[in-house]
Amino acid sequence: MSEEKNNDQVEKENLSRRRFLRNSGIAVGGLAVGGVIGSVIPWNADTAENSEQQQKETKNYNHALMYFNQSEFRTIEAATERIFPQDDNGPGARELGVAFYIDHQLAGSYGFNARDYMQPPFFHGEKEQGYQGRLNRREIYRIGIRELQNYSHQNYDSGFTELSEEDQDKVLTDFAEEKVNITTISPSNFFLLMRSMTLEGVYSDPLYGGNKDMDGWKMRDYPGNQMNYTEIIEGDFKEIPPNSLRDHM
Amino acid sequence: MVKKLPKTDVVIVGVGWAGGIIASELTKQGLNVVGLEKGQERATEDYYMVHDELRYALRYELMQDLSKDTLTFRGNEKMRALPMRQYGSFLLGDGLGGAGVHWNGQTFRFLPYDFEIRSKTIERYGKNKIPADMTIQDWGITYDELEPYFDKFEKMAGISGEENPLGGKRSAKYPTAPMKHSPQMRMFKEATEKLNYHPYTMPSANLSEPYENPDGISRAACQYCAFCERFGCEYGAKADPVVTVIPVAKQTGKFDLRTHSWVRRILHKDGKATGVRYTDVTTGEEIEQPADTVVVTSYVFNNVKLLLNSKIGRPYDSSTGKGVIGKNYAYQVVKGSAVGYFEDEKFNNFAGAGALGMVIDDFNGDNFDHSDVDFIHGGYLSLTQTGQRPIQNNPIPKESPTWGKKFKENSLRYINKTLSVSAMGASMPYKQHYLDLDPVYKDTFGDPLIRMTYDFKDQDRNLAKFTAKKAEGILKEMGADKIDTMEELGPYNITTYQSTHNTGGVIMGEDPETSAINNYSQMWDMDNLFVVGASSFPHNSGYNPTDTVGALAYRAAEGIVKYHKNGGLLV
Ligand SMILES: Cc1cc2nc3c(=O)[nH]c(=O)nc-3n(C[C@H](O)[C@H](O)[C@H](O)COP(=O)(O)OP(=O)(O)OC[C@H]3O[C@@H](n4cnc5c(N)ncnc54)[C@H](O)[C@@H]3O)c2cc1C
Ligand code: SF4
């Protein structure tokens, strides 16, 4: 049931995205192209009457790209949405801004593996010895995304973003289970990296570009940045409205 | 060109817990001390934005930059050792206060059994209980001899706790009351009492109440803020060297602390240390700091690395079992645990403190009869509530999908319905487990990295299965609807976090043939060189290490003062 609804929604978003694209990047109401559509549709529909006001307030200058090109961005948006999909519990990766989060992370020190030991020589090791490749994360993503597209074209005759959710899941499963034949990167490591960065984008402080409006936290009753729990630590479960680091400035 | 500075009484390499304690004790006694720390300065004000899981827990803001220095790892001598390129199994401290800034504060004394493990095991079970390649040995000191120093560390740090009914004898109560009890801790307590175990509140360096220590340092109480391990404390409530011992040393006017100072060699001549050579990492300048006494407190790996790169002591040779530097590397067996799902409950799992928990020691040390089990020692079992931050904590039942719709559903459903009972399993040393210099990989200055050769053994596999079963039993008694229990320990894997409880490499003992230092942490082969830290543990107990590191540091400080007056070997 809810699967169908999701399909519809994705379809609608795809349509509007294509329309945006045809208008050669003209942004409506200051919106960038892509999954950010979700960011102006209030999660609670009853606040819709304030939407114009809200549009102004939520115009998010952070939602532009630092590393991905548009098509890479859309691929990651689609893939991470499958990893953490929208459902009855609340928004998925797309609406939470996870793809922007990943883009921004790859543009910085994490993308360059700045604090990892990257000295040669490079040898293939045992699983217990950890990552031993020479590629940094931004290179892994660029290759991984291209391979996601190639694999989709080879097996389903269209690009990853155009596939049905079921087929996208199949492609991702084949990556996760190392059923894809690539020599440059490990498909399962690429998948795991995407998975872990999806969770980071869903649950890190909104300051990093994901976890939009702390909706990731709200879904699991996580209060974010609180100064103390002295009063509640001895008691039963208590719901506490979340705070972000922005609230602490 | 090396710049040579004027001589000082004592130079300390690395200013974490061990270095900080020794700096404060020596300067209080009037010695001039230079402290060299490779990382940066730190202060409580730095932690205003500390409730940031991504930055501190996943990007390792406070830890050593691995691009500059790491180690290599192999499971056995036949494998090619490869660098630990990214963090996983343990996290290395860096900067003022070292890992003492971002520890949990779970503060346990080792058991009387630990210090005489070989004699006591043989006495109770006979020689055959100890496998031929298990190189356990007595420490050359007893619990009773070390007790006053435990007491000193605990009073300095203000440890909050209640007596462990199965622990060694205490000369005094903990200086502050135990931490608060959450509902899940009460469940653990009730269940373990019903099972006739002996629960007690985890001893904690997160202060349960405001406290002034014997040095006159006052600190605030813990706020159960849930950003503790891997984070610095914005309240100064967690005992860390920066808010306890380092200010005391600074106040004396005798402590010359230099950060960004990366020590590369201990200098020595005719069997005596003469000082150290370090690089000022901000300028690249090479500097020599002469000293009467050199103290090395730069954590397990760097302690061994410095000695080997400086050609001090007899390197360990695994083929003969001779030599000592690098010998008896051991770790901690923490995976023998179980997770329980409580369908009809909801807990405040997001709240907590680094050392909030309940513990039993019924299966630790030699507190139970090992005649019918195929391992020695054991570990404590505990339920801790350290604050389940959302990126790293997404509990889902075993065998359920790890991504997609079902994963999202499960992880959201179970996050506040899941409790774990975990083990802090002891780790025994083996002839084949050691640290030496890597022949291939280098640090940022071109010095060889440390190479670790280590894997789990039958001892560890059996112990982990045993503790996992006990954990399962406790969760059952607590009323869990479903329990996932560790089934097989598997090989040691450097990519998943277990604990930063690495031990050995510069071990203490009675006999200079089989140990590197005596019970004052003084090198047998070089009497004005002291090497302090968990590197001195001949094995690792079923507890977190730092109370014992602290106690040994206080004892070393006493020894250094004595040595400064009289010289010679102290034992
Ligand atoms: C996340 C985490 C949680 C922990 N929780 C607990 C716990 O609950 N209970 C417990 O008992 N223990 C815990 N520990 C372990 C505890 O932090 C260590 O046992 C303790 O900090 C060791 O103190 P140390 O002084 O030996 O080393 P460190 O604190 O690591 O200090 C060593 C210092 O030496 C410096 N150094 C290294 N090389 C050089 C060089 N070449 N030149 C100059 N300086 C150098 C480093 O930068 C560092 O500052 C935890 C550790 C971590 C990482
Ligand atoms: S849990 Fe307590 S001790 Fe730990 S950081 Fe928070 S306030 Fe400090």
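Per chain, numbering begins at 1; letters A, B, ... match sequence-line order.
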Comparing Lys238(A), Arg195(A), Gln226(A) against chain B, the one with the most heavy-atom pairs below 4.5 Å turns out to be Arg195(A)
Under 4.5 Å to a heavy atom of chain A? For Leu449(B) that would be side chain
Under 4.5 Å to a heavy atom of chain A? For Ala221(B) that would be neither
So CG of Asp116(A) and CG of Asp65(B): to nearest 0.5 Å the spacing works out to 9.0 Å
If one checks every heavy atom of Gln168(A) against chain B at 4.5 Å, the contacting part turns out to be neither
The interface call for Met84(B) against chain A, heavy-atom contacts under 4.5 Å, is backbone
Closest non-hydrogen atoms of Tyr203(A) and Pro390(B), given as atom of the first, atom of the second and distance, are CD1-O, 3.4 Å
One should read off an interatomic distance between Leu412(B) CG and Asp88(A) CG, to the nearest 0.5 angstrom, of 11.5 Å
If one checks every heavy atom of Met63(B) against chain A at 4.5 Å, the contacting part turns out to be backbone
So, the part of Ala114(A) with a heavy atom under 4.5 Å from chain B: the answer is backbone
**Asked** Got a donor-acceptor contact below 3.5 angstrom from the Asn89(A) side chain to the Glu409(B) backbone?
**Response** no
*asked:* I'd like to know if the side chain of Glu53(B) and the backbone of Asp205(A) have a donor-acceptor N/O pair within less than 3.5 Å.
replied: no
Turns out that what part of Pro121(A) lies under 4.5 Å from chain B's heavy atoms comes down to both
dist Leu207(A):CG -> Met49(B):CE (nearest 0.5 Å) comes out at 8.5 Å
Looking only at heavy atoms, the pair that brings Tyr117(A) and Lys442(B) closest together is OH-O, 2.7 Å
Side-chain donor or acceptor of Arg80(B) paired with backbone N/O of Phe123(A) under 3.5 Å = no
Side-chain heavy atoms of Asn416(B) within contact of Phe237(A), under 4.5 Å
yes
Honestly, the part of Thr402(B) sitting under 4.5 Å from a heavy atom of chain A is both
When the 4.5 angstrom heavy-atom criterion is applied to Tyr110(A) and chain B, the contacting part is side chain
So, the part of Gln64(B) with a heavy atom under 4.5 Å from chain A: the answer is backbone
Bottom line for Leu172(A): the part with an atom under 4.5 Å from chain B's heavy atoms is both
Between the NE2 atom in His51(B) and the CG atom in Asn225(A), the distance rounded to the nearest 0.5 Å is 6.0 Å
Among Gly224(A), Ser244(A), Ser204(A), Gly130(A), the residue with the most heavy-atom pairs under 4.5 Å to chain B is Ser204(A)
Bottom line for Ile494(B): the part with an atom under 4.5 Å from chain A's heavy atoms is both
Should the pair Tyr48(B) and His248(A) be assigned to parallel (<30°), tilted (30 to 60°) or perpendicular (>60°) ring geometry?
-> parallel
- Item | Full working for side-chain contact (heavy atoms from CB on, under 4.5 Å) between Lys180(B) and Thr230(A) | CA-CA 9 Å; Lys180(B) 291 177 194 285; Thr230(A) 318; 3.6 Å; yes
Whatever's closer than 4.5 Å to a heavy atom in chain B on Glu234(A) counts as both
- Message: Applying side chain to side chain donor-acceptor pair (under 3.5 Å) to Asn394(B) and Arg220(A), what does each step give before you reach the verdict?
- Response: CA-CA 10 Å; Asn394(B) 289 284; Arg220(A) 59 191 272 158; 2.7 Å; yes
Bottom line for Asn113(A): the part with an atom under 4.5 Å from chain B's heavy atoms is side chain
Of the listed Met118(A), Gln105(A), Met249(A), Glu231(A), the one with the largest count of heavy-atom pairs under 4.5 Å with chain B is Gln105(A)
Interatomic distance, OH@Tyr222(A) vs CG@Asn393(B), rounded to 0.5 Å, equals 9.0 Å
Tested for side chain to side chain contact (heavy atoms under 4.5 Å, CB included) against Leu82(B), the lone hit among Glu128(A), Gln129(A), Glu126(A), His124(A) is Gln129(A)
| Salt-bridge criterion met for Lys346(B) and Glu239(A) (N-O under 4.0 Å) | no
If one checks every heavy atom of Phe347(B) against chain A at 4.5 Å, the contacting part turns out to be backbone
Can any side-chain N or O of Lys405(B) pair as donor or acceptor with the backbone N or O of Asp87(A) at less than 3.5 Å? no
Against chain A, residues from residues 227-236 of chain B with at least one heavy atom under 4.5 Å, in numeric order, are Phe227(B), Glu234(B), Tyr235(B)
Problem set entry | Donor-acceptor contact below 3.5 Å, side chain Lys127(A) vs main chain Asn493(B) | no
Applying a strict 4.5 Å limit to non-hydrogen atoms, the region of Phe191(A) in contact with chain B is side chain
- State whether Tyr60(B) and Arg115(A) meet the cation-pi test: NZ (Lys) or CZ (Arg) under 6.0 Å from the six-membered ring centroid, and within 45° of the perpendicular axis. no
The interface call for Thr173(A) against chain B, heavy-atom contacts under 4.5 Å, is both
- Is any side-chain heavy atom of Ser67(B) less than 4.5 Å from a side-chain heavy atom of Gln119(A)? no
Practice prompt. Answer whether the closest heavy-atom distance between the side chains of Tyr208(A) and Asp52(B) falls below 4.5 Å.
Written response: yes
Whatever's closer than 4.5 Å to a heavy atom in chain A on Arg186(B) counts as side chain
